[in-house]
There are 2 protein chains.
Amino acid sequence: MNDELFNLIERLANLLRQETRLEGQSLGLQPIQQEALYYLSTCNRYSDTTLAVTEFLGLTKGTVSQSLKILESKSLITKLKDNKDRRITHLKVTEAGQEFLAKTCPPQKFTDAITGLAGDEQSETRALLQKVLNNYQQATGRTAFGVCKYCKFNLKTSDGIRCGLTNETLSNQDIILICREFSA
Amino acid sequence: MNDELFNLIERLANLLRQETRLEGQSLGLQPIQQEALYYLSTCNRYSDTTLAVTEFLGLTKGTVSQSLKILESKSLITKLKDNKDRRITHLKVTEAGQEFLAKTCPPQKFTDAITGLAGDEQSETRALLQKVLNNYQQATGRTAFGVCKYCKFNLKTSDGIRCGLTNETLSNQDIILICREFSA
DNA sequence: AGCAATAGTATCGACTCAAAACATATTTGA
DNA sequence: TCAAATATGTTTTGAGTCGATACTATTGCT
């Protein structure tokens with residue numbers, strides 16, 4: 001059973017990478033660069049740094065630094081130094097970057113494949129994969145990542161929504177993004 | 001919803017590749033080489049060629065040829081020319097290759113993550129992912145691959161089991177392997 | 001002030017990858 | 001029958017990935 005699930009995930013990943021490679025050809029983007037770009041379009045302002053991308057992709061920071069350099073050179077992201085901590089660089093997806101992602105990510109045929117499932121099958125798949133991922137992340141001891149609004153530090157007060165870690169107020173847009181500090 | 005499922009699969013794949021990289025260090029094996037080796041350990045005698053590996057991994061044959069050369073140089077597989085068609089080379093996993101796979105594939109922590117699921121959750125996940133993969137393969141128009149005994153060319157006769165494409169008899173071991181000619 | 005820790009970059013060598021050219025073997029078809 | 005087309009697989013080349021290591025710059029700690 002482990003073998004079968006392992007096999008299925010590997011094969012899905014192979015197909016995804018193959019299609020991603022095709023999609024990226026128009027801009028000369030490698031799969032890993034597209035993954036980084038996609039992550040940056042889904043993460044919040046506490047998680048848009050080189051190190052967060054590193055943790056998310058499971059690579060070393062030197063490797064990621066190079067990929068980000070290429071994304072910047074193609075004007076798909078911009079770098080912005082943090083005001084409080086000058087060591088930190090925030091990475092923002094540009095208009096061009098967002099346009100590219102809207103066209104290519106997730107790949108069209110993958111979307112088709114998902115649409116072929118019934119509505120309850122889709123949510124069932126998501127719930128089960130989420131569970132597998134959580135277990136796996138726990139087993140490897142890696143950073144979890146997760147959607148802000150489901151985090152235990154997400155505080156709903158009478159004044160609005162607030163992050164218990166940073167004590168900053170959060171907008172409705174903020175809380176649907178992915179955060180590296182996520183904790184269930 | 002597409003986005004979420006896309007994201008989950010990407011992240012599982014990232015973790016798997018990361019752990020695979022670690023497991024392969026003992027023999028100096030790259031993730032892609034391990035994937036090829038694993039595939040060869042699960043496929044039948046009609047599917048143990050360079051081209052089949054190429055289709056399975058979604059790479060070009062030149063690329064795959066190089067990876068297989070490395071596996072051969074490390075004595076994890078052997079090459080054997082086909083008797084009927086001398087263009088074809090069959091790839092067999094050696095004892096050493098099988099030992100390596102038994103220890104490392106699927107990765108231990110992935111197995112742990114799966115074991116954390118209830119029994120019916122496991123089979124449910126498998127069924128759903130199988131469905132997604134089938135849809136996806138159909139959408140991309142790629143070779144399906146599948147287990148011999150569930151194939152429409154698998155014929156159960158009074159003499160035993162037979163493949164309707166090759167007209168060869170099949171053993172009980174044969175029919176649990178993956179075939180590139182699979183058709184549902 | 002001084003030292004350790006953190007964020008990020010630069011460089012190196014081994015490896016992946018697609019593309020193209022190539023070598024063989026088989027099939028087709030006039 | 002035999003040349004052209006097709007199929008399997010290898011080699012070469014150049015762009016890019018990757019981890020490891022060493023490095024800079026900034027911040028935190030004592």
Side-chain angles (χ1 to χ4, degrees), chain A residues 13-14 17-37 40 46-74 77 79-91 143 180-181, chain B residues 13-14 17-25 27-37 40 46-74 77-91 143 180-181:
Chain A
N14 285 344
R17 197 178 45 211
Q18 201 175 350
E19 207 180 346
T20 302
R21 197 178 287 281
L22 281 175
E23 302 271 24
Q25 277 183 342
S26 59
L27 290 182
L29 285 185
Q30 299 292 318
I32 199 71
Q33 293 163 5
Q34 293 180 65
E35 280 187 54
L37 185 62
L40 289 173
Y46 309 134
S47 314
D48 59 355
T49 65
T50 303
L51 227 57
V53 178
T54 298
E55 287 166 7
F56 188 83
L57 296 180
L59 304 174
T60 57
K61 59 182 181 174
T63 301
V64 170
S65 180
Q66 290 177 69
S67 293
L68 294 173
K69 202 168 117 185
I70 292 170
L71 286 178
E72 190 190 19
S73 76
K74 294 183 192 282
I77 62 170
K79 293 183 179 179
L80 191 68
K81 285 264 181 193
D82 189 285
N83 279 327
K84 289 179 191 144
D85 187 337
R86 305 291 294 171
R87 292 173 301 186
I88 297 175
T89 305
H90 293 281
L91 307 160
T143 316
R180 66 188 286 210
E181 307 287 357
Chain B
N14 285 343
R17 197 178 45 211
Q18 202 173 350
E19 207 180 347
T20 302
R21 197 178 287 282
L22 282 175
E23 302 270 24
Q25 277 183 342
L27 290 181
L29 284 185
Q30 300 293 318
I32 197 73
Q33 294 162 5
Q34 293 180 65
E35 280 186 54
L37 184 61
L40 288 173
Y46 310 133
S47 315
D48 59 354
T49 66
T50 303
L51 225 59
V53 177
T54 297
E55 287 165 7
F56 188 83
L57 296 180
L59 304 173
T60 57
K61 58 183 181 174
T63 302
V64 170
S65 180
Q66 289 177 68
S67 294
L68 294 174
K69 204 168 118 186
I70 292 171
L71 286 179
E72 191 190 18
S73 76
K74 294 182 192 281
I77 61 171
T78 53
K79 293 183 178 178
L80 191 66
K81 285 264 179 192
D82 188 286
N83 278 327
K84 290 180 192 145
D85 187 337
R86 306 289 295 171
R87 289 173 302 186
I88 297 174
T89 305
H90 294 282
L91 307 159
T143 316
R180 67 188 287 211
E181 307 288 357

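All chains are named by letter (A, B, ...) in the order of the sequence lines, taking the proteins before the strands, and each is independently numbered beginning at 1. Atoms considered below: every heavy atom in the structure, side chains included; atoms not considered: hydrogens, waters and symmetry mates. Every value quoted in this text rests on a predicted model; they were computed, and no experiment measured them.
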Closest-nucleotide ordering on DNA chain D, the 5'-leading residue of A:Q30 and A:K81: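 Looking at DNA chain D, the more 5' nearest nucleotide goes with A:Q30.
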5' precedence on DNA chain C between A:R21 and A:L51 (nearest-nucleotide basis):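 By nearest-heavy-atom nucleotide position, the 5'-most residue is A:L51.
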With a 4.0 Å cutoff (strictly under), does any side-chain N or O of [X] reach OP1 or OP2 of [N]?
X: B:K84; N: D:dT8; answer: no
X: B:S65; N: D:dT11; answer: no
X: B:K69; N: D:dT11; answer: yes

Students often get this wrong, so: under 4.0 angstrom with heavy atoms, is [X] touching a base, only sugar-phosphate, or nothing?
X: B:K79; result: sugar-phosphate
X: A:T63; result: base
X: B:T49; result: sugar-phosphate
X: B:T89; result: sugar-phosphate

Contact summary for B:T50 and B:K61, nearest pair of heavy atoms: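 Closest approach of B:T50 to B:K61, heavy atoms only: CG2-O, 4.3 Å.
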About how many Å separate [atom2] of [Y] and [atom1] of [X], when rounded to the nearest 0.5 Å?
X: A:I88; Y: A:N83; atom1: CD1; atom2: CG; result: 11.0 Å
X: B:L29; Y: B:T20; atom1: CG; atom2: OG1; result: 11.0 Å
X: B:L71; Y: B:L91; atom1: CG; atom2: CG; result: 9.0 Å

Considering only [options], which nucleotide approaches the side chain of [X] most closely?
X: A:I70; options: D:dC18, D:dT17, C:dG8; answer: D:dT17
X: B:R87; options: C:dT26, D:dG9, C:dT9; answer: C:dT26
X: B:Q33; options: C:dT16, C:dT6, D:dT17; answer: C:dT16
X: B:Q66; options: D:dG16, D:dT11, C:dT9; answer: D:dT11
X: B:R86; options: D:dT17, C:dA25, D:dG19; answer: C:dA25
X: A:I32; options: C:dA25, D:dT17, D:dT27; answer: D:dT17

Length of the line joining [X]:[atom1] and [N]:[atom2], which is rounded to integer Å:
X: A:L80; N: C:dG8; atom1: CG; atom2: C1'; answer: 15 Å
X: A:L57; N: D:dT17; atom1: CG; atom2: P; answer: 12 Å
X: B:L29; N: C:dT16; atom1: CG; atom2: P; answer: 9 Å

Close side-chain approach of A:R21 to A:Q30, heavy-atom, < 4.5 Å: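 Sidechains of A:Q30 and A:R21: in contact.
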